[in-house]
Amino acid sequence: MIDCADPDGQARFWAAALGYEFAPPPTGFTSWDDYYRDLGLPEEALTGRVDRISDPRGGGPDIWFQVVGDAKIVKNRLHIDVHASGDRTDPIQTRKMRVDTEAERLVGLGATRICVMYEEGIDHYAVGMKDPEGNEFDIN
């Protein structure tokens, strides 16, 4: 679960960033809101929008984006790394290009580039980013 102000926006951003899909509602329910109603949640807690994503390959965790009233103030305690560089056996210039290309794609989806993590002679390249609500993550 990830706390946020806009579950729909966060779900859409992270689905695109991670190659995820919108999670289907549980068996027997036509929507997540129907499921939440069945649990007893009040109508004002329902969004009618996307708030869950899942890995279509089944390898990654499902993620639920929950509305919270508090704004993000400090560094997040959960940090997601998006792997885009390829194999470490690929030349560093190729890996840098892949990471930069993915960073630009995510900027187009609403992310913000905050730093480049690279040092000559070190076989690692990453770009520090923030998602649309300011949560930090890296592309490496």
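Positions are given from 1, in the same order as the sequence printed here. In this text the structure is predicted, and so the values were computed from the model without any measurement.
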**Request:** Find out whether Ile80 and Asp131 are in side-chain contact, i.e. whether some heavy atom of one side chain is under 4.5 Å from a heavy atom of the other.
**Result:** no
**Request:** Compare every heavy atom of Gly60 with every heavy atom of Asp55, then report the nearest pair and how far apart it is.
**Result:** OD2-N, 2.7 Å
**Prompt:** Does one hydrophobic cluster hold both Met1 and Ile53, with members joined at side-chain heavy-atom distances below 4.5 Å?
**Reply:** no
**Fill in**
Correct closest heavy-atom pair for Asp87 and Arg98 would be N-NH1, 4.5 Å
**Complete:** What one should report as the nearest heavy-atom pair of Gln10 and Cys4 is CG-CB, 3.8 Å
**Message:** I need the single residue from Phe22, Phe137, Tyr20 that forms a ring-ring contact (aromatic ring centres under 6.0 Å, His included) with Trp14. Which is it?
**Reply:** Phe137
**Message:** Could you tell me if the side chain of Trp32 sits less than 4.5 Å from the side chain of Pro24, heavy atoms only?
**Reply:** no
**Request:** Indicate, with yes or no, if Met117 and Ile92 share a hydrophobic cluster defined by side-chain heavy-atom contacts under 4.5 Å among Ile, Leu, Val, Met, Phe, Trp and Tyr.
**Result:** no
**Request:** Go through the steps for Arg95 and His124 under the test side chain to side chain contact (heavy atoms under 4.5 Å, CB included), then give the verdict.
**Result:** CA-CA 9 Å; Arg95 289 183 278 144; His124 178 76; over 6 Å; no
**Asked** Is there a path from Ile2 to Trp64 through hydrophobic residues (I, L, V, M, F, W, Y) whose side chains come within less than 4.5 Å of each other?
**Response** no
**Item:** Side chain to side chain, Tyr36 and Asp51, heavy atoms closer than 4.5 Å
**Value:** yes
**Prompt:** Going through the distances and angles, do Arg37 and Leu46 end up as a side chain to side chain contact (heavy atoms under 4.5 Å, CB included)?
**Reply:** CA-CA 8 Å; Arg37 278 186 199 95; Leu46 309 179; 3.5 Å; yes
**Message:** Can you tell whether the side chains of Asp123 and Arg88 come within less than 4.0 Å, N to carboxylate O?
**Reply:** yes
**Message:** Side chains of Asp81 and His83 only: does a donor on one sit below 3.5 Å from an acceptor on the other?
**Reply:** no
**Request:** Search all heavy atoms of Glu102 against all heavy atoms of Ala17 and return the closest pair with its distance.
**Result:** OE2-O, 3.8 Å
**Asked** Between Asp33 (side chain) and Gly48 (backbone), is there a donor-acceptor pair under 3.5 Å?
**Response** yes
**Prompt:** Do Arg12 and Asp6 sit within salt-bridge range, that is, some charged N less than 4.0 Å from a carboxylate O?
**Reply:** no
**Message:** For a 4.5 angstrom cut-off between non-hydrogen side-chain atoms, does Pro7 reach Gln66?
**Reply:** no
**Message:** Tell me whether Val99 shares a hydrophobic cluster with Ile122, the cluster being built from Ile, Leu, Val, Met, Phe, Trp, Tyr side chains joined at under 4.5 Å.
**Reply:** no
**Prompt:** Looking at Leu106 and Phe13, what are the two nearest heavy atoms and their distance?
**Reply:** O-CE1, 3.8 Å
**Message:** With a 4.5 Å cut-off on side-chain heavy atoms, are Tyr125 and Val116 touching?
**Reply:** yes
**Transitive ILVMFWY side-chain link Val68 to Ile63, under 4.5 Å** = no
**Prompt:** Would you call Arg113 and Val127 a side-chain contact if the rule is heavy atoms closer than 4.5 Å?
**Reply:** yes
**Considering all heavy atoms, the nearest Arg105-Ala16 contact** = NH2-O, 2.8 Å
**Message:** Any heavy-atom pair between the side chains of Ile114 and Met129 that's under 4.5 Å?
**Reply:** no
**Asked** When rounded to the nearest 0.5 angstrom, what distance separates OG in Ser31 from CZ in Arg49?
**Response** 14.5 Å
**Asked** Less than 4.5 Å apart, any side-chain heavy atom of Pro25 and any of Tyr35?
**Response** no
